[in-house]
Every structure is written in C-alpha cells, then in structure tokens.
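See structure below.
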Amino acid sequence: MEPGDADKRELGMSQNPMQAESERDYESKLLDLSRDAYNSGKHWFDSSVREQLERNLRAFNNQHPMGSKYHTEQYRKKSKIFRPKTRSAIRKQQAAAAIAFFSSSDVLHCSPINDADEAQQLAAELHMALAQFRLERPEMHWFSTLIGAMTDASTNGIVISRQDWQLNTASKVYQETYTDDYGRDFQQYVREEEIIEDRPRVTLIPTENMIFDPACDWRDPINTSPYLIELEPMFVKDIYALQKKINPLTGQPHYRPTPRGLVAAAIHQDWDSVRKAREGDRLDKYDNDTEIHEHQSVWVHKHIMNLDGEDYYWETLGTEFVLMDAIPLSDKYLTGKRPYVAGYCNIEPHKQYPAGTPELIAGLQEEANDIANLRLDNVKLSLNKRYYAKRGSGIDVRSLIRNVAGSVTFMNNPETDVKTVETRDVTASSYAEQDRLNLDMDDLIGDFNAGTVQANRQMNETVGGMKMLDNNMSPLREMGVRTFAETWVEPVLRQIIELEAVYETDQTLLMTAGHQVGLQNIQQALQVIAQPIKVKVNVGFDATDPARRVQKLAYGFGTIAQFFPQLMQDADASEATKEIMGALGYKDGVRFFPQLHRDAPPYREQQLEKMVQQLQQFIETEGYKTEGRVKEIQVKEEYSMAKERMKHEVAMIMQSSKDNMEAAIVKMKDRLEQIDRMINMELS
C-alpha cells in the first residue's frame with residue numbers, strides 16, 4: 001500500500017519542488033534530486049578528500065602510500081619498513097581518551113538551564129541517571145564506540161556518527177478464549193508485538209559513507225549542509241523484511257515492494273579505495289556475487305534534504321529505486337533534528353575535513369622511513385658483503401650468494417675472479433638525524449616518551465627537567481582531548497538525552513531512575529523529563545594525568561577552605577570522593593567507602609534521619625509527661641494542636657533537603673523548650 005498524490009500533498013509535497021501530477025513523475029523527481037546531490041557531493045569528495053584519507057589510513061596501518069618508491073621494482077629487494085610513529089601517536093591519543101573519559105564512574109553531568117526552576121533540577125538529575133544507566137549497558141558498547149570515534153577523528157581528521165532509537169519487535173501469536181453473546185466459548189488467534197530492543201543507539205559512520213555539500217559551514221557541516229546522504233550497507237533479508245513490516249507512525253510498510261532485478265543490480269557496489277586502505281590487504285567484505293542471497297549486502301542511501309526551509313527524509317536503493325516516500329524529518333525522528341554529529345581532534349578554520357595526525361606528520365614520517373631503510377641497507381651490506389665476479393669464469397654464484405658459514409665456492413682463480421666490496425659502517429649522523437626527526441614529530445603532536453628523554457640529555461634527566469618536558473607536551477595532548485569532547489562527545493550525549501525525552505517507555509527504568517532523584521511515580525517522571533537541561537562532560541585540562549588531576553582538586557579545595565570555609569561544610573563528599581578515586585583508577589571508590597553507594601542514602605543523611613526519629617520519640621515522651629500538667633490548667637486542647645503542628649513540621653523536615661535538616665532540628669528543639677517553659681510558668 002503506497003500513498004497517492006493526495007497523501008503527498010498532506011505531507012507538504014504540493015508546496016515544494018517535488019510537486020508532481022502523477023506517481024511516475026513524483027518518483028522521477030525524487031530520484032533526480034537524489035542523484036544530483038549524490039553526484040555533486042561524491043565528485044568533490046573523490047577529487048579533494050579521498051586520496052588524503054587513503055594516505056592517512058595506510059599510514060595508520062604502517063603501510064607506505066600508493067605511488068611510493070618502495071612499491072617500484074628498484075626497491076623490491078631493498079629494506080622498506082614503515083616506522084610506526086603514526087600508529088604510536090594515535091594509540092597514545094586513544095589511551096588519553098580512555099583516561100580522560102572513563103577514569104570516573106560519571107559519564108556526563110546534567111544541570112538545569114534555570115537553577116531556580118525545581119522541575120529543571122529534577123529533570124537534570126533524572127536524565128543523568130537515565131543516561132548513566134543506558135551508557136553502562138553492554139549493548140551500548142560505549143567504550144568501544146568512544147575509542148573508535150577518537151581513532152577516526154585522529155586518523156581521518158573527522159568522525160561522524162548517527163544517534164537514533166533502536167526499536168526491534170517480534171510477532172508473538174497465541175490463542176485466546178472468548179465468550180460470545182450466547183455464552184459459548186470460542187478461541188481466536190491473537191498477534192502481539194513483543195519488544196526485543198528498545199534503547200538509544202550510537203553508530204559510527206565510515207567517513208567515505210557520508211556525503212554532504214562542500215560549501216557548508218566548516219564549524220557545523222551536519223546542520224548547515226542543504227543535503228546529507230548516508231550510504232548504509234544492508235542485508236537483502238532486511239530489505240525484504242522491511243517491505244512487510246508496518247511502520248506504526250504511518251500505518252504502512254517501511255519499504256515499497258522492490259523488483260528482484262533492482263535488488264540484484266544494487267548488490268554490486270563500486271569498489272571503494274578508502275575502505276580498501278582501512279582494511280589493508282583483506283578482501284572487500286561488500287564484494288558479493290551477482291546472485292541474490294539472503295545475507296548479501298546492498299547499499300541503501302538515506303537522504304535528508306532541505307526543501308523550502310523544511311528537512312525531508314527518504315531512502316533509495318542505490319540511486320535507482322525509491323524505497324520510501326519523502327516525509328518530514330520530524331515524522332522520522334521525533335526530536336525534529338538531524339540525527340548526526342561530526343567531531344574533530346584538530347580544528348582548522350574553513351576546512352570541512354581538517355588534517356588528521358597522519359597528515360600532520362606525513363613529511364617527517366616519510367623522512368624517518370627513508371633514513372631507517374637506508375641505515376638498514378647499509379648495515380646489511382656491512383655484515384653481508386657485496387661481490388664483483390668475473391663474467392664467464394665458472395664461479396659457483398649460488399654458493400657465493402648464500403654465503404653460508406663453512407661452505408665452499410668453486411671458481412677458476414680465487415685471486416682475480418671475485419672481488420669483495422667493502423661498505424663503511426653507519427655513522428652516528430644517521431642516528432642523530434633520526435632523533436631530530438622523532439623530536440619534531442613529538443613536538444608537533446604533543447607526545448612525550450623515552451625517546452624524547454634520550455634526545456634531551458642536556459636536562460640531565462632530573463625530575464624538574466622531565467616535568468618541564470611533559471608540561472610542554474601536555475597542552476597539545478589535552479587540547480586534542482578537549483576538542484574531541486566539545487565537538488563530538490557532548491553533542492552525542494546531548495542527542496541521547498533528547499532521544500530519552502521523546503522515546504523512553506521503559507517503566508522499570510523510569511521508576512528506578514525516578515526513585516533515585518526523589519520522584520514517586522512514572523507520571524512525575526514523564527512530567528519533568530521534557531524539561532530543557534544542559535549537558536557537559538567533566539573533562540578539563542590535565543584530565544590525562546591522574547596525579548595532576550588530584551593535585552588540582554586538592555589545590556582548589558584548599559583555596560576555597562582558606563577564603564570561604566563555610567562552603568566546605570556543604571561540600572558533597574560523594575562527588576569529591578568519586579573524582580579523586582576515579583582519577584586514581586578506582587571508578588567511584590565504592591569498594592573503599594560503601595556508604596557512597598548510589599542505592600544507599602548518604603551517610604550524613606542516615607545520621608540526620610536517626611536524629612529525626614529520636615526527636616519524634618522526644619515529642620511523644622515529653623508530650624505525655626506534659627499532658628497531665630496541662631489538664632490542671634485546662635489547656636489540653638491547645639497543647640494537642642501544638643503537638644500536631646510539631647508532628648507535621650517533623651514530616652516536612654523528612655521531605656526537606658539534607659542541607660537544611662540539622663538547622664531545622666535544632667530550631668525545633670528550641671521551640672519545644674520554649675513551650676515547656678511556658679507551661680511551667682502557667683502552672684507555677
């Protein structure tokens with residue numbers, strides 16, 4: 001069942017360039033828009049970006065770039081190693097990201113936009129609990145996803161991801177017994193959709209599989225490009241399944257019925273050189289036979305295009321067949337926003353694809369390879385001599401080449417038929433030049449290692465000298481991590497929060513998270529979940545050095561305690577402990593301080609609750625003692641009313657914040673003493 005022209009007008013098609021009088025014209029117009037955008041973006045990518053991405057990925061895989069002299073016949077027998085400086089630098093950036101983002105148990109921090117709005121405060125706490133739970137689930141693969149994103153950003157210069165809500169259901173058929181109007185029982189088959197997966201999803205997109213307009217704003221290419229096209233490989237079986245599965249939002253199948261011949265044509269995709277460079281010498285995993293099998297891959301193009309000021313979404317099978325009609329983006333993604341994020345580790349103004357680490361050190365890497373290979377060739381010649389042999393003199397050339405210890409080589413005249421060529425050993429200048437190249441690369445990417453120390457002997461390897469070297473390197477390393485956090489991690493987490501606000505239906509999860517923040521039922525959770533909040537990632541400078549993180553924290557607390565000691569009394573011990581123990585690699589420190597467990601009330605609050613219980617007992621005990629004396633002056637009714645008010649105030653204290661509880665208890669004890677003194681004065 002497909003929508004007709006009237007349905008398309010309801011979707012807004014009659015007010016945009018895709019207006020058509022017939023179904024055939026509509027499909028033709030949609031395919032023309034798809035092809036034009038795809039060809040335009042792909043042509044620019046192929047001519048301007050593809051070659052550099054191939055070089056970056058080959059450098060990451062410790063391979064010389066295509067066209068290098070090491071691939072020629074002249075170098076077939078020569079040394080041609082690739083010094084792994086590029087791979088080493090990227091692995092250290094991965095390690096820095098792991099330390100910065102996963103040393104603490106808190107993945108993110110949510111805060112209200114308006115601190116005075118209680119609903120926003122509750123929403124921030126609720127969203128933080130929900131996101132924390134979701135990201136810690138194994139099916140989210142958050143650690144692998146984040147480290148993979150850092151690797152993409154470091155290698156290619158850009159990382160692109162899609163954030164959406166994954167909802168998978170399975171049909172469940174069972175028999176149900178009913179009773180008709182005459183009291184007779186009959187059975188009927190009932191079909192229900194059982195939820196298999198219902199969660200947010202973050203998917204990293206290979207750089208070559210995302211096409212956008214090159215004239216977009218370099219600071220935000222995703223939202224400023226007039227079109228986005230994601231190339232997604234899908235199994236044939238999934239295409240056929242979506243042709244039968246009903247979309248609950250539209251009441252129609254997700255995909256149109258697709259002719260088998262077009263599916264076969266879409267199986268064969270052009271060989272992609274960037275994907276080949278990424279996977280090295282492996283066979284292309286998407287290179288299939290032309291016959292249609294259930295688990296073969298076809299390429300689906302997901303289009304988002306701005307038409308007359310509104311974003312529309314549709315999907316095509318390659319560029320030849322429309323799988324689904326164009327619909328407003330807000331009908332596909334309830335957040336109403338484009339579900340993609342582009343992030344970086346290195347900011348270069350006015351460039352949509354900034355330089356990655358391999359591109360930054362490409363020249364130095366090439367020179368380092370040359371020096372290393374020349375030195376290896378020299379060493380090999382020094383150890384295994386080269387010979388000049390007289391032509392036609394009956395020399396056993398094979399034995400001469402093998403040069404095995406204890407072997408015999410036959411020749412006519414050993415004095416004149418063979419001449420040994422002496423090769424001078426490698427000089428120290430080769431190693432000195434290698435060290436200088438290493439220093440230049442380390443200085444460019446902010447690396448600090450044993451080689452850096454060895455090349456800076458003038459600092460005498462003192463503790464102060466090593467600290468000076470590390471301090472010079474750290475800002476560059478920290479800058480990369482902070483840039484990655486600002487451009488990718490925070491926007492991705494922000495989109496996850498927005499997805500939770502509109503898609504979350506897990507009642508158990510909502511109740512669990514709601515109870516953690518003081519909400520009593522699901523209705524309250526649903527009321528506050530839509531409130532606007534701010535999302536931040538707690539990653540600052542020195543985030544990759546545990547010792548300096550703790551020192552900075554201690555210095556900050558010490559300064560506050562010196563000038564504002566009253567603030568330290570209200571400091572959150574749980575948060576401070578998590579930050580300190582997290583920096584040392586112990587997550588939240590629960591194993592050392594069990595009272596900090598998130599499911600248990602804070603230790604101070606437990607103590608205050610005990611004090612409140614003692615106060616309630618005091619009220620009851622003193623009340624009975626005083627009641628007999630009050631009867632003598634006939635003020636029993638007045639005292640009863642006062643006692644009820646006191647009980648009500650105790651209940652209010654139990655619901656108040658822990659910060660005000662101690663002061664309220666002291667105040668209430670003073671009032672009880674005043675009442676007791678007044679009664680004694682009346683009786684005297």
Side-chain angles (χ1 to χ4, degrees), residues 2-3 5 7-9 11-47 50 160 162 164 205-216 221-234 236 238-239 242-243 247 250 252-259 261-270 272 286 297-333 338-340:
E2 301 176 5
D5 294 335
D7 297 323
K8 296 182 180 64
R9 294 192 197 98
L11 294 175
M13 298 303 167
S14 61
Q15 303 299 325
N16 61 47
M18 298 189 314
Q19 179 181 1
E21 295 180 357
S22 66
E23 184 70 21
R24 185 181 300 274
D25 291 339
Y26 166 76
E27 292 183 9
S28 176
K29 185 65 175 179
L30 203 59
L31 284 175
D32 287 343
L33 286 170
S34 303
R35 290 195 190 102
D36 290 344
Y38 175 76
N39 292 332
S40 174
K42 189 173 186 299
H43 173 73
W44 180 84
F45 180 87
D46 291 344
S47 60
R50 182 176 293 277
I160 302 175
R162 180 183 71 247
D164 56 6
I205 301 172
T207 309
E208 70 274 13
N209 288 350
M210 175 60 76
I211 297 175
F212 51 81
D213 193 278
C216 61
I222 295 299
N223 293 306
T224 59
S225 174
Y227 61 84
L228 296 175
I229 305 175
E230 179 193 349
L231 281 59
E232 182 181 25
M234 293 182 63
V236 172
D238 295 333
I239 298 289
L242 289 173
Q243 292 175 8
N247 186 344
T250 62
Q252 300 170 355
H254 288 268
Y255 283 169
R256 295 178 171 187
T258 308
L262 287 176
V263 175
I267 286 176
H268 199 64
Q269 173 76 0
D270 291 339
D272 193 283
Y286 299 123
S297 298
V298 296
W299 288 88
V300 173
H301 294 190
K302 298 183 175 182
H303 299 262
I304 296 177
M305 189 173 295
N306 188 276
L307 301 169
D308 289 348
E310 183 177 2
D311 281 345
Y312 284 86
Y313 177 89
W314 69 90
E315 297 181 16
T316 61
L317 187 63
T319 57
E320 304 301 326
F321 183 76
V322 177
L323 287 173
M324 61 175 291
D325 290 297
I327 59 175
L329 183 64
S330 56
D331 288 352
K332 174 65 177 178
Y333 299 103
R338 296 184 177 185
Y340 299 98

Taking all atoms of both residues into account, what is the closest heavy-atom pair of [X] and [Y], and its distance?
X    : Y    : answer
E208 : F45  : CA-CZ, 3.7 Å
M305 : A37  : CE-CB, 3.8 Å
P328 : E310 : CB-OE2, 3.4 Å
F212 : P221 : CE1-CB, 4.0 Å

Heavy atoms, side chains only, cut-off 4.5 Å: are [X] and [Y] in contact?
X    : Y    : answer
K29  : D25  : no
W299 : N209 : yes
P339 : I304 : yes
R256 : E27  : yes
Y312 : L33  : no
D311 : Y333 : no
E232 : E315 : no
L317 : Y255 : no

In Å and rounded to the nearest 0.5 Å, what is the [atom1] to [atom2] distance from [X] to [Y]?
X    : Y    : atom1 : atom2 : answer
M210 : I222 : CE    : CD1   : 5.5 Å
I211 : H301 : CD1   : NE2   : 7.0 Å
D213 : T224 : CG    : OG1   : 9.0 Å
M324 : Q252 : CE    : CD    : 10.0 Å

With sequence neighbours left out, write down each residue that passes salt bridge (Lys or Arg N to Asp or Glu O under 4.0 Å) with E320, or none if nothing qualifies.
R35
Listed partners of H303 passing side chain to side chain donor-acceptor pair (under 3.5 Å), at least two apart
T316
